[in-house]
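Working notes, beginning with the structure itself.
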There are 2 protein chains.
Amino acid sequence: MNDVAAHAGVSLKTVSRVVNGLDHVRPDKFERVTRAIETLGFRRNEYARQLRQGTTATIGLVLEDVADPFYSLLTRAVEDVAFERNHVVLAASSAEDPLRARALIESFGARGVDGLIVAPAGGIDAGYLRSELDAGSSMVFVDRPVSGIDADTVLVDSREGAQRGTEHLIGHGHRRIAFFGDDESVYTATERRAGYRAALEAAGIPFDDRLVVMTVPSTAPTSELLDRVLAGPDAPTALFSGNNRWSVRLLRALRDRSDRLAFLGFDDFELSDVLNPGITVIAQDASAVGRIAAELLFRRITGDTSPVQRVQLATRLIPRGSAERPGPFAAR
Amino acid sequence: MNDVAAHAGVSLKTVSRVVNGLDHVRPDKFERVTRAIETLGFRRNEYARQLRQGTTATIGLVLEDVADPFYSLLTRAVEDVAFERNHVVLAASSAEDPLRARALIESFGARGVDGLIVAPAGGIDAGYLRSELDAGSSMVFVDRPVSGIDADTVLVDSREGAQRGTEHLIGHGHRRIAFFGDDESVYTATERRAGYRAALEAAGIPFDDRLVVMTVPSTAPTSELLDRVLAGPDAPTALFSGNNRWSVRLLRALRDRSDRLAFLGFDDFELSDVLNPGITVIAQDASAVGRIAAELLFRRITGDTSPVQRVQLATRLIPRGSAERPGPFAAR
DNA sequence: GTGAAAGCGCTAACAG
DNA sequence: CTGTTAGCGCTTTCAC
């Protein structure tokens with residue numbers, strides 16, 4: 001900026017005025033400055049500016065894994081809102097590791113993000129999140145709540161969705177329904193299992209622990225688990241998959257088996273309608289979660305101090321065949 | 001930092017030393033400072049630090065759409081490398097809009113990113129990219145090259161892959177093969193069409209423009225296009241889909257038709273192996289593209305001035321059935 | 001309208 | 001080992 005000032009023969013402050021375009025500058029000087037900027041290829045350093053102003057026009061987004069379709073859709077929605085508001089987004093995947101999540105959040109905080117959208121990893125430590133909040137950055141939780149922290153939260157009503165899905169299977173005559181969910185430490189996993197269980201109990205069907213698998217799908221030996229769950233005299237006639245990672249793995253494993261099972265998955269996925277039969281799902285709107293969370297965040301950033309909100313988005317049951325008649329899922 | 005210094009009864013610089021942990025500080029002062037940091041909840045402002053040091057420990061990533069599986073995998077790989085190197089990543093989707101891409105890249109530049117990974121949108125203006133380079137940030141292009149700019153580039157060998165795929169179809173007896181690709185402005189689309197064409201010509205099969213569709217899949221009336229391509233006396237017996245967006249749309253449209261067509265897609269996708277028959281694809285390793293690009297970028301950031309590289313990753317043909325015997329793709 | 005001076009939070013360079 | 005001074009690139013204040 002100094003160089004530009006020298007080049008144009010004006011003071012540094014005049015250049016600043018031109019660059020910001022708010023104050024009035026006499027046309028001839030304005031012209032000279034503009035030209036100097038052009039020839040020197042000057043660009044204002046945002047961070048120097050923001051160091052002075054105390055804002056960074058940056059928000060942070062921390063979730064488990066951008067490569068998961070649910071989160072990648074959410075990310076895109078957040079990016080779109082941020083772009084509209086002239087903010088940039090620092091994005092990171094915690095890989096479901098609380099320590100990495102912490103490192104990321106703290107490094108975002110140290111960079112003075114105006115706000116943070118976090119899908120809290122299981123076993124996250126509320127303490128340091130509170131320090132971030134105290135340090136002045138707004139925060140919105142998505143997908144999972146964090147107890148003990150006073151921040152807006154945008155969730156999908158997992159329990160209700162799972163319950164409705166299970167009822168749907170029961171309505172089609174199934175009484176032995178297996179459930180595959182994520183690890184117990186994951187909020188949505190236990191919520192969905194709770195919904196599953198509630199539906200069974202409402203229908204007078206006993207909850208059977210042997211039909212329930214709760215583990216991270218990425219490392220699970222899918223077909224062994226299936227063997228175990230499907231073994232025995234009173235084998236399940238339907239499968240409820242608790243998330244899209246499990247759905248993909250289970251469908252892949254089922255392809256190579258002869259079992260005729262009904263199937264229902266939580267969270268929709270691409271090609272769910274191309275399989276035969278189409279896969280019935282409880283769909284959640286990842287885009288809406290991201291958009292609403294971002295809008296909430298910007299409201300806070302711009303000074304809204306109304307009471308903390310907790311938004312619960314409804315799910316949608318999409319019947320496509322797999323839950324309405326028994327499989328197989330890919331005719332051979 | 002001033003407050004901490006006052007609280008601990010030392011100079012500001014001593015605090016700086018403690019925070020940075022490089023210089024030696026006498027234990028008692030170290031202790032006092034540490035405690036003051038603790039009680040005051042002090043956190044160093046990264047950007048102030050970096051303003052002084054001239055680096056931001058930030059890289060930017062601009063691609064079309066994080067929600068596209070190819071790019072979301074790539075993003076994850078970039079994030080992982082960045083995390084290892086203690087850098088954060090500013091991520092954004094250009095939505096295939098050159099103006100938005102430019103706005104994003106310039107705003108990243110103004111924030112002084114150390115480096116930039118860009119999947120250049122079709123019709124991108126090389127001029128401003130060059131100014132970014134001149135301004136000192138390293139740059140690596142992924143997925144598509146930009147002519148006239150001297151920067152490392154990581155590509156998938158689209159042409160060769162498409163050629164091999166087409167040869168595969170020809171090898172299975174097909175002579176009328178339709179090709180669906182992205183808009184002409186997209187580098188990979190024309191490359192793949194060129195590979196397709198080369199294979200035809202090598203086999204002495206005339207290239208027929210009526211069998212080629214080049215348009216953005218998201219807005220295309222898929223089934224009308226299919227109607228048109230499949231009409232006529234000499235209808236195609238095989239479909240070559242130029243990217244995973246087209247694959248999904250085509251497979252969906254084909255589900256409702258009775259045509260018996262062989263199918264081969266460029267770029268693998270989830271569930272490609274669960275469909276029946278499994279979908280034969282030319283797979284590209286999105287993760288590897290991201291990882292290699294990031295590593296290249298960090299090499300430049302850390303001062304490597306060796307000649308510009310152009311990395312071409314090979315594709316992999318994965319035969320699963322859809323190209324080896326005619327469809328349908330989802331038995332009914 | 002314009003400019004000089006101070007300072008955002010930090011580190012580099014130097015002196016002690 | 002420790003402190004002082006200057007300055008990163010910009011905006012704010014206030015005087016002209």
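Computed from a predicted model, the values in this text were never measured in an experiment. Here is how names work: the chains are called A, B, and so on, in the same order as the sequence lines, proteins then strands, and each is numbered from 1.
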With distance as the sole criterion, is a donor-acceptor pair present between the side chains of B/Ser93 and A/Glu79 under 3.5 Å? yes
For the residue pair B/Asp304 / B/Ser306, report whether a side-chain donor-acceptor contact shorter than 3.5 Å exists. yes
So, does B/Ser137 use its side chain to make a donor-acceptor pair with the main chain of B/Leu133 at under 3.5 Å? no
Taking the side chain from B/Ser16 and the backbone from B/Leu12, do they hold a donor-acceptor pair closer than 3.5 Å? no
Strand contacts (DNA chain D) in residues 102-116 of chain B, 4.0 angstrom heavy-atom criterion: none
Are any protein N/O atoms closer than 3.5 Å to N/O atoms in nucleotides 5-7 of chain C? If there are, list each pair with its distance.
| unit_1 | atom_1 | unit_2 | atom_2 | d |
| --- | --- | --- | --- | --- |
| C/dG7 | N2 | A/Arg52 | NH1 | 3.4 |
| C/dG7 | N3 | A/Arg52 | NH1 | 3.3 |

Got a sec, which residues hit salt bridge (Lys or Arg N to Asp or Glu O under 4.0 Å) with [X], two or more places apart in sequence or on another chain?
X        : value
A/Arg44  : A/Glu46
A/Arg310 : none
B/Asp65  : A/Arg76

Run the side chain to side chain donor-acceptor pair (under 3.5 Å) test against A/Arg300 and tell me which residues pass, sequence neighbours left out. A/Asp152
Side chain to side chain donor-acceptor pair (under 3.5 Å) involving B/Thr58 - partner list, sequence neighbours excluded: none
Nearest to the side chain of A/Arg26, which nucleotide is it out of C/dG1, C/dG3, C/dC10? C/dG1
Rounded to whole Å, how long is the line connecting atom [atom1] of [X] with atom [atom2] of [N]?
X       : N      : atom1 : atom2 : result
B/Leu12 : C/dC14 : CG    : P     : 19 Å
A/His24 : C/dG3  : NE2   : C1'   : 18 Å
B/Arg17 : C/dA12 : CZ    : C1'   : 10 Å
B/Met1  : C/dC8  : CE    : C1'   : 14 Å

Output every pair passing ring-ring contact (aromatic ring centres under 6.0 Å, His included) with a member in residues 107-150 of chain B, not counting sequence neighbours, ordered by first then second residue. none
Pair listing, ring-ring contact (aromatic ring centres under 6.0 Å, His included) test, anchored in residues 36-84 of chain B, at least two apart: A/Tyr47-B/Tyr47
List in chain and number order the residues that pass side-chain contact (heavy atoms from CB on, under 4.5 Å) with B/Asp97, two or more places apart in sequence or in another chain; answer none if no residue qualifies. B/Leu99, B/Arg100
Note: chain A reaches DNA chain D at heavy-atom distances under 4.0 Å over the stretch, first to last nt, 5' to 3', of D/dG9 to D/dT12
When the C1' atoms of the five terminal pairs at each end define the local axes, what inter-axis angle does the helix from C/dG1-D/dC16 to C/dG16-D/dC1 show, to 10 degrees? 40°
Pair A/Arg43 + B/Glu132: basic N to acidic O under 4.0 Å: yes
